[in-house]
Every structure is written in structure tokens, then in C-alpha cells.
Amino acid sequence: GLRISGGIRAVGYKEFPIIFKGVGDEWNGIHSTNPTDSLIFTFCRIQDVYLPIGSSLKYGAIESTNANIALKNCYFYYNYAQNGGALALFNCNSEITNNVFYRNQSLDYGGAILSESSSNKMINNTFYRNYCLNFGGALTLVNPVYEEIQNNIFYDNFSYRGDARIHLVSGDSTNIFEQYNFLAPDSLSPLFISSTDFHLQANSPCKDAGNPSPEFNDADGSRNDQGAFIATTPKNIV
């Protein structure tokens with residue numbers, strides 16, 4: 001795994017993403033406490049992190065405390081941790097934009113993301129088929145400082161307890177600003193191109209359903225579509 005004390009700028013390209021994975025498809029992920037610089041990931045793939053019961057590490061494919069984080073155009077998939085399968089954020093300030101969280105798992109809180117005492121902007125992400133054995137299949141919030149959650153797709157996530165989409169454990173719900181998300185029951189599909197291609201079909205209910213403010217417009221100038229738009233899909237997602 002990686003332990004970051006300073007900062008990181010992992011900036012790939014849509015045709016050539018940076019791939020973080022381990023030998024034998026299992027590794028300990030990326031962890032940072034009190035870094036002296038920002039953590040920036042753009043066009044990255046973070047996959048196959050495995051932190052089971054008994055591991056000295058319990059949180060997230062990316063875990064960070066007291067950090068400034070920017071995540072854009074990234075894929076998180078097939079990660080497992082006891083809490084926050086893909087991301088575990090503690091006292092962080094983050095911008096999480098245009099990412100796909102697919103088939104991440106946790107034991108206790110947050111199949112995809114666990115955020116505690118943090119201030120985050122989560123805009124135009126896709127949360128699909130994430131799983132938690134206990135609370136919050138996709139996103140779990142604990143004592144939020146300020147959470148802006150807009151234009152995301154939450155679909156086919158599962159947890160045995162709490163809300164499988166956005167679950168608040170404790171804290172002031174008025175610190176959560178949530179709007180224009182696809183939160184429909186799983187019986188209503190966002191109509192992805194396929195089970196592995198998360199672009200939207202032409203008749204998707206998520207088309208032109210995001211925030212209508214021009215600052216959120218799609219690249220072609222039309223109203224924002226809910227969910228992530230990433231130009232390419234990893235070929236080995238199954």
C-alpha cells in the first residue's frame with residue numbers, strides 16, 4: 001500500500017488512466033493522516049483493495065484524516081474494507097466529482113463512502129451495486145460539517161440496515177444539502193447502456209435531470225445529466 005505524509009498528484013488521462021492495484025489483485029490501499037499537501041486523483045482507477053477483519057487497517061481503499069482531497073473522473077471498484085469500502089474521510093475537505101463507485105463493499109458503515117466530521121462536495125457521481133453488511137450501502141455520513149450532494153445516481157446499492165443510498169448515523173441533517181439526485185427505488189432503472197457501461201441510454205430518466213443551473217451544464221451545453229460522465233469505461237469491469 002501507500003502511506004502519504006506530504007501530498008500526491010495522480011493525474012492521468014481518459015485514454016491512459018493511472019491504475020492503482022496490487023500484485024495478486026489484493027493490497028492495502030492508500031492511507032494518509034495529516035498530510036502537508038493536497039491529495040489529487042484525476043482519471044485514476046483504484047481497485048482490489050482488501051482490508052478484512054483482523055487487518056491492522058480498517059478504513060477505505062483511500063483513507064484520509066485532516067486532508068484536502070480532489071477526486072475527479074476516477075473509478076473505484078472491487079474494494080473491500082471494514083468501513084468505507086472505497087473512501088473513508090475523517091475531518092476532510094473534499095471535492096468528489098464525476099466518479100464511478102461500483103461493487104465496493106464494507107462490513108459496518110459505508111459500502112462506497114464513509115464520511116465523518118467532514119465537508120464534502122459530491123457532484124455527478126454514480127454509485128452502483130455497492131454493499132454494506134450493516135449501515136449504508138453507498139454513502140454513510142457521521143456528524144457532517146457540510147455535505148453537498150447533487151446530481152448523483154444511487155442505484156442498486158444494498159445494506160441490511162439504514163438507508164442503502166444515503167445514511168445519516170448521527171449529527172445535524174441540516175448540514176446536508178441534497179438535491180437533483182437519482183434516488184428512485186431499484187425497480188426504476190437509470191437505464192445505463194449496459195451492466196458494465198454506465199453511460200445513459202437516450203431515454204434514461206437521468207437525462208437532463210440534474211441541477212438546471214448553467215454552471216452544471218454538460219460539455220455540450222445542455223442541462224446536466226445525473227451521474228458520472230467519463231469518456232471511457234475500463235474494459236475489465238465485469
Side-chain angles (χ1 to χ4, degrees), residues 1-12 16-96 99-118 120 122 125 127-142 157-159 169 234 236-238:
L2 299 178
R3 306 292 182 272
I4 300 171
S5 298
I8 186 171
R9 280 158 176 73
V11 181
F16 301 103
I18 298 172
I19 301 172
F20 292 89
K21 63 180 295 184
V23 175
D25 292 333
E26 291 182 5
W27 64 300
N28 289 334
I30 300 168
H31 303 269
S32 181
T33 300
N34 302 319
T36 58
D37 203 348
S38 298
L39 312 180
I40 298 173
F41 297 85
T42 303
F43 285 111
C44 294
R45 288 163 49 187
I46 297 94
Q47 63 186 85
D48 302 315
V49 171
Y50 185 58
L51 302 175
I53 295 175
S55 171
S56 60
L57 299 167
K58 303 180 186 299
Y59 300 97
I62 295 179
E63 174 197 9
S64 193
T65 302
N66 298 323
N68 295 312
I69 302 173
L71 298 167
K72 186 175 182 180
N73 296 324
C74 294
Y75 281 90
F76 291 81
Y77 57 101
Y78 300 121
N79 298 297
Y80 176 86
Q82 292 177 61
N83 299 279
L87 287 175
L89 307 172
F90 303 95
N91 301 298
C92 288
N93 294 291
S94 68
E95 293 189 6
I96 302 169
N99 304 284
V100 172
F101 297 88
Y102 175 63
R103 289 192 180 277
N104 301 282
Q105 296 186 31
S106 70
L107 176 62
D108 290 321
Y109 294 100
I113 298 177
L114 169 63
S115 173
E116 181 174 337
S117 302
S118 293
N120 304 306
M122 302 186 191
N125 302 285
F127 296 85
Y128 180 43
R129 291 188 174 176
N130 300 285
Y131 171 88
C132 182
L133 187 62
N134 283 296
F135 295 97
L139 171 61
T140 294
L141 306 174
V142 183
N157 301 285
F158 180 82
S159 62
V169 175
N236 62 343
I237 286 185
V238 294

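Worth knowing before you read on, the calculation uses all heavy atoms, side chains too, and leaves out hydrogens, waters and symmetry mates.
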To the nearest 0.5 Å, what is the distance between CD on Q47 and CG on N104?
11.0 Å
When rounded to the nearest 0.5 Å, the distance separating CD1 of I53 from NZ of K58 is 8.5 Å
Please check if the number of heavy atoms outside Y50 that lie under 6.0 Å from its OH is greater than 12.
no
To check you understand the geometry: which heavy-atom pair defines the closest contact between C132 and G111, and what is its length?
CB-N, 3.8 Å
Would you find a donor on one side and an acceptor on the other, under 3.5 Å apart, between the side chain of N134 and the backbone of L107?
yes
With a 3.5 Å distance limit and no angle check, can you tell me whether D108 reaches the backbone of N83 through a side-chain donor-acceptor pair?
no
Point-to-point distance, once rounded to the nearest 0.5 Å, from CG of L139 to CD1 of I113
5.5 Å
Side chain N130, main chain N157, donor-acceptor under 3.5 Å
no
Report yes if the side chains of F76 and I62 come closer than 4.5 Å at any heavy-atom pair, otherwise no.
yes
Restricting to non-hydrogen atoms, name the atom on N91 and the atom on S118 that form the minimum distance, rounded to 0.1 Å.
N-OG, 3.1 Å
With a 3.5 Å distance limit and no angle check, can you tell me whether T42 reaches the backbone of V11 through a side-chain donor-acceptor pair?
no
Kindly indicate whether the side chain of I69, heavy atoms from C-beta on, has any atom under 4.5 Å from the side chain of L87.
no
Heavy atoms, side chains only, cut-off 4.5 Å: are I30 and F41 in contact?
yes
CD1/I46 to OH/Y75 distance, rounded to the nearest 0.5 angstrom?
12.0 Å
Let me confirm one number: the CG-CG distance from N99 to N73, rounded to the nearest 0.5 Å.
7.0 Å
Should the pair W27 and F20 be assigned to parallel (<30°), tilted (30 to 60°) or perpendicular (>60°) ring geometry?
parallel
Donor-acceptor check, side chain of S32 to backbone of S5, threshold 3.5 angstrom: yes or no?
no
With a 4.5 Å heavy-atom cut-off, do Y77 and V100 have their side chains touching?
no
Kindly give the heavy-atom pair with the smallest separation between C92 and S64, and that separation in Å.
SG-O, 3.3 Å
N120 to L89 - nearest heavy-atom pair and separation:
OD1-CD1, 3.8 Å
Please name the pair of heavy atoms, one in F101 and one in A112, separated by the smallest distance, quoted to 0.1 Å.
CB-CB, 4.1 Å
dist Q82:CD -> S106:OG (nearest 0.5 Å) comes out at 9.5 Å
Tell me whether S38 contacts the main-chain N or O of I40 through its side chain, where contact means a donor paired with an acceptor under 3.5 Å.
no
Can you check side chain to side chain contact (heavy atoms under 4.5 Å, CB included) on E63 and T33, steps first, answer last?
CA-CA 8 Å; E63 174 197 9; T33 300; 5.6 Å; no
Please find the pair of heavy atoms, one from A81 and one from G60, that lie closest to each other, and give the distance.
CB-N, 3.3 Å
